[in-house]
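Each remark here refers to the structure printed beneath this line.
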Amino acid sequence: MPYLTGGVTATWVDHLRALADAGADAIEVGLPFSDPTLDGVTIQEATDAALARGATVRGILGDITGFTDDVPLVASTYYNLVVRDGPERFCAALRDAGISGLIVPDLPLDEAGEAADAAASVGVDLVLLASPATPQPRLAEIARRSRGFVYAVSLMGTTGERATVAESAATLASRIKGSTDRPVLVGFGISTPQQAVEAARSADGVIVGAAIMRRVLDGATPDDVGADLAKMRRALDQERDQP
Amino acid sequence: MPYLTGGVTATWVDHLRALADAGADAIEVGLPFSDPTLDGVTIQEATDAALARGATVRGILGDITGFTDDVPLVASTYYNLVVRDGPERFCAALRDAGISGLIVPDLPLDEAGEAADAAASVGVDLVLLASPATPQPRLAEIARRSRGFVYAVSLMGTTGERATVAESAATLASRIKGSTDRPVLVGFGISTPQQAVEAARSADGVIVGAAIMRRVLDGATPDDVGADLAKMRRALDQERDQP
Amino acid sequence: GRFGNYGGGYVPESLVAACRQVEEAFREAWPDPGFQQSLARLLAVQVGRPTPLTPVRRLSAELGINLLLKREDLTHTGSHKINNVLGQALLARRMGKTHLIAETGAGQHGVATATAAALLGLAATVFMGQRDIERQALNVYRMRMLGAEVVPVETGSRTLKDATSQAMRHWVGATEHSYYCVGSVIGPHPYPWMVRTFQRVIGDEARGQCAAELSTAVPDYVVACVGGGSNAAGTFAGFVDTSARLVGVEAEGGAGAALGRVGVLHGARSLFLQDGDGQIVEAHSIAAGLDYPGVGPEHAHLRDLGRARYVTVTDDEATSALVRLARTEGIVAALESAHAVAWVIRAAGAGELPPGATVMLTLSGRGDKDVSTLKELA
Amino acid sequence: GRFGNYGGGYVPESLVAACRQVEEAFREAWPDPGFQQSLARLLAVQVGRPTPLTPVRRLSAELGINLLLKREDLTHTGSHKINNVLGQALLARRMGKTHLIAETGAGQHGVATATAAALLGLAATVFMGQRDIERQALNVYRMRMLGAEVVPVETGSRTLKDATSQAMRHWVGATEHSYYCVGSVIGPHPYPWMVRTFQRVIGDEARGQCAAELSTAVPDYVVACVGGGSNAAGTFAGFVDTSARLVGVEAEGGAGAALGRVGVLHGARSLFLQDGDGQIVEAHSIAAGLDYPGVGPEHAHLRDLGRARYVTVTDDEATSALVRLARTEGIVAALESAHAVAWVIRAAGAGELPPGATVMLTLSGRGDKDVSTLKELA
């Protein structure tokens, strides 16, 4: 599942479409917030670029309304933007724009009740995150209450490209899979096809964010980005087809 | 009595001679000290100039040794220079250079014992100063213990030119004259022949320092300075000749 | 952890365990006589507590009131920040942590953290916005002289808000050995509660000193400046159960409590300055310590309850108050604290403070750090 | 007025009456319970006395001794100067004077005088060498903010020595309404004695605190830096009748007590740096407060008696000591005080201080004022 910051460029929807066409299972659309406390420099930069362009939640949702139905979209943002509208209005707006899931990195299990109820009531999946520091009983509870999939944060750190996949990624994914039948997607620090393959071994899928956004910020065209994702898709498919 | 800072210029002895020739009753020779706490800007400047030229007590005394005998010389300096050599050696050196008196503005009556004894033992007059703030019994004691003359400080302030002679000058001179038969000379702030005349009315003479040094610092020749003093001398003589 | 509808722990899952660990350590340490003794001794021999309560005679006479100042400006390092930092640093050491992480705006919390780290033999990493680094160069040097690493933050507005975000990001990757030493009553649970608990020494001391100084024992008004609001929270805690009226004074350009709307930032639900889209707005104040777009959750709650009032003061009013206090009492206050003084002057002039009213005001810090700012204005 | 062969009143006749008036007023005020109460209250509520005695654990462990710091850096305005100034300002008001005159070098005594003047409703005129005005621009602004007039002195070396001379010159013409508030244990009688009397609060407090803190009650060594020597004089006064060895630490370039010769300057016979002709030599120290070519007469006497030792420290040693104390204890000391710390470090390293020796050191002020000086060196 690739990640794209909503509104990062004037033609960001073309990038979105290219990612869909390149074989994304789903796409994470970032709704930019002024203070992205869990993001590393690349997604911070993408966020700043989007906000500088005047991107708003409403504008981004407008841009994607009517987007192709065959690739599910999952919104991700910080909780302040959810609170601003109120969780119910916010989730309803997501659903109206055709978004099926929501990731809120600064909303841990303990604070998620209100948002979970609001999301559920309009049929949006509130995805919860688990981290390598999450202890066992809590991990089970996160897995139980997460909807859509469980987001496995691969390492203790922020989003962003890394040279290698953290060992903690496989451990965490296995621990989550031991607690639930829900799909587990691994994110944070996965940049290359090889890293994706490695991370996917113990999980149901991977999330690639900063690596794509770095390319977009450096001026990559929708075709460029699509080609990158296609490469990763192929690597993952080959791995899966092996015995 | 004119004042001249010793060593202020290379040819300062010529100025000294010009002052003698212009009718000075006596001449006050300043021995420059680095921290002249009772002097105003003009004599500070003269002091700095002399020290910058490398003037020393020993050098100045050497310069004036053998100076004409008919005009008495009175040294003035701060007490640190007296202490440096020890009062006895210091006073002996003054006497050897032909200096007959000593004025030390930061040596009040209460601290003067040692210096007075040393001066007396070599026949140098230690001149004490009285000020408008000096109360009566103390004034009498100063008058009694001063030698040569009593120095009446005309005003509460430092040396330097003023527009008018302070009223306190006449009052103080009269008070001192009421206590002693010793001559009373008025100093501080006396710059012009008119001021000299005014100050001399209640005293036996006046001391003119900053006004002369201002001219010397501005480049006045010995003849210029002699002419200035001669004017003042004439004014004083005319006044005295009046009934 | 909750103050009415405010507070909570809105942190990434990666920090949940770390925050719990801090909470548990604090809950265990606080009632421990050994911890209390260590802290009390540091506050006495290092900080110089108790700080005096100073009756200001000349300004009081001019204003027709009775003004008393709680002198946090006389503490070691020059502001109330040290009270909290020493408590947290002792806690960090007790938890076996070897590093302190902190954010700083004007540099006072950074200097306090660097000081506590040096004193207890810990390392310190202080995040500071690049703009603040330029504005407060001398405090940066003070921190470095104390052995702290000062990390410039180049993101966003490059001020306190962004330094706080960056400190949190850093902590996510360093929870094993590092303790995040939050500088105000902000952040996720247990910080707002814990920081106020460490700062309530101000209010408790002042309460006792007022009882000795005033015939009424309790002042009519208790006033303190509010950025994040730690000196105010600590002060109010000592008087919340009395009849004293509590007044928090914010900078007009950083008035989270007076002008903010409900939101979530840096781990807590509270009041924040934000635009219609929910983006956090940059604060602007001449006082770097008030240059924060939100307020601690307890203040939001006290405002909702009506137990405390939050008012605003302009840069100009604060500057004038600083000069007036200096000229009448010989005290050069921090620009932050001068906001509280400015409100008292205005309120006394407007008759809002009745003649003879007794006012206890916490002077949160000294103004030496602000002299170059004021010099540029002059 | 006399300390053995030193002291006295070597002032122009015009100042004799003024000095007598100060002496009489002080002799009358000091035993007056009303004066004592006023002063004690100001020292408590304005200055923040008593100041703590801080055991420094980490540096002590490194040095193998037991070092205690008397924390004058925690006083209002940041140095011991305020103790003396408040005493003299109260005296001036009692004498009916409306103006304070002061000289200042680094600006600490000037700031203290401006502070006391503001507090008591007096005017203040502070003389400061033009070179010091340039070096200490922020303290100049602090004084002006407090309402004082700062007069640049353009004569001589344009530093403290010349500012002192100029203050005396000004006083000659202003004795009726003005009180000369001397900043150290220098000047004519009664100043060295009176200033030490006002400063002995440091030593008396420290004596009592040592008794509570040390099993031996009295420290083996009592150490303080010496410029004119007021913090040392006040400190030593509390211990002169004990077995403690007294050590005054001077700057190598301003070592009046260690290297000076007998002379008379600024009203007193004492020890001064001078050339063979008796001209006073300029002092040179990185610490502006030690940048004075002489020492108070009582120190000259204590040296002659052998009751106190006077040692010197270089600029580099002082700077290193400042950084080391900051890194180990979280205390940024004034460069002046760092000289005393530097000697302790050197003496402990050289075995001159025996292992386990107890050392009470007066930290005369805080180093905030020196940060820009140090920054330039770095």
Side-chain angles (χ1 to χ4, degrees), chain C residues 41-58 68-69 71 73-78 82 86 111-112 114-121 137-142 144-147 209 213 322-323 325-332 366-369 371-372 374-375 378, chain D residues 41-58 68-69 71 73-78 82 86 111-112 114-121 137-142 144-147 209 213 322-323 325-332 366-369 371-372 374-375 378:
Chain C
R41 174 144 173 103
L42 284 183
L43 292 177
V45 304
Q46 287 289 346
V47 176
R49 303 210 73 90
T51 57
L53 184 73
T54 306
V56 302
R57 305 235 175 271
R58 296 179 64 219
L68 304 158
L69 302 181
R71 299 292 299 279
D73 61 314
L74 295 181
T75 55
H76 183 41
T77 73
I82 192 74
L86 282 178
V111 168
T115 296
L119 182 62
L120 299 182
L138 294 190
N139 266 348
V140 174
Y141 192 75
R142 275 172 89 191
R144 290 186 172 146
M145 196 146 53
L146 289 159
Q209 290 165 320
E213 190 77 30
L322 190 156
V323 172
L325 184 68
R327 300 248 160 128
T328 52
E329 304 298 333
I331 298 170
V332 180
R366 59 173 139 92
D368 301 44
K369 70 180 177 60
V371 168
S372 54
L374 292 164
K375 196 156 182 278
Chain D
R41 175 146 171 101
L42 284 183
L43 291 177
V45 303
Q46 287 289 345
V47 176
R49 303 211 72 90
T51 57
L53 184 73
T54 305
V56 302
R57 306 237 174 268
R58 297 181 63 219
L68 303 158
L69 302 180
R71 301 291 300 279
D73 61 314
L74 295 180
T75 55
H76 183 42
T77 73
I82 191 76
L86 282 178
V111 168
T115 297
L119 182 62
L120 299 182
L138 294 191
N139 265 347
V140 174
Y141 191 76
R142 276 171 90 191
R144 290 184 173 148
M145 196 146 53
L146 288 158
Q209 290 166 321
E213 191 75 30
L322 190 155
V323 172
L325 184 67
R327 301 248 160 128
T328 52
E329 303 298 333
I331 298 171
V332 180
R366 58 173 140 92
D368 301 43
K369 70 180 178 57
V371 169
S372 54
L374 293 164
K375 196 155 182 278

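In what follows, chains carry the letters A, B, and so on, assigned in the order in which the sequence lines appear, proteins first and then strands, with residues in each chain numbered from 1. FYI, side chains are in, hydrogens and waters are out, and symmetry mates aren't considered; it's all heavy atoms of this structure. Here the structure is a predicted model, which means the values were calculated and not measured.
In this structure, chain D has no heavy atom under 4.5 Å from any part of C:Ala112. Proximity to chain D is absent for every atom of C:Thr51, based on heavy atoms less than 4.5 angstrom apart. The parts of C:Arg327 that come within reach of chain D are both its backbone and its side chain, each placing non-hydrogen atoms under 4.5 angstrom from that chain. Heavy atoms of D:Arg49 lying under 4.5 Å from chain C are absent altogether. Only the backbone of D:Leu53 comes within contact range of chain C, with at least one heavy atom under 4.5 Å from a heavy atom of that chain. Neither the backbone nor the side chain of D:Asn139 comes within contact range of chain C, judged by heavy atoms closer than 4.5 Å. Residue contact with chain C, scored on non-hydrogen atoms closer than 4.5 Å, involves the side chain of D:Leu322 exclusively. With a 4.5 Å cut-off on non-hydrogen atoms, C:Ala44 touches chain D through its backbone but not through its side chain. Contact of D:Val47 with chain C is made through the backbone alone, with heavy-atom distances under 4.5 Å. Contacts of D:Thr54 with chain C are made by both backbone and side-chain atoms, with heavy-atom separations under 4.5 Å.
From D:Leu325, atom CG reaches atom CE of C:Met145 across 10.5 Å, with rounding to the nearest 0.5 Å.
The closest side-chain heavy-atom distance from D:Arg57 to C:Leu119 is not below 4.5 Å. Using a 4.5 Å cut-off on side-chain heavy atoms (C-beta onward), C:Glu213 and D:Val45 make no contact.
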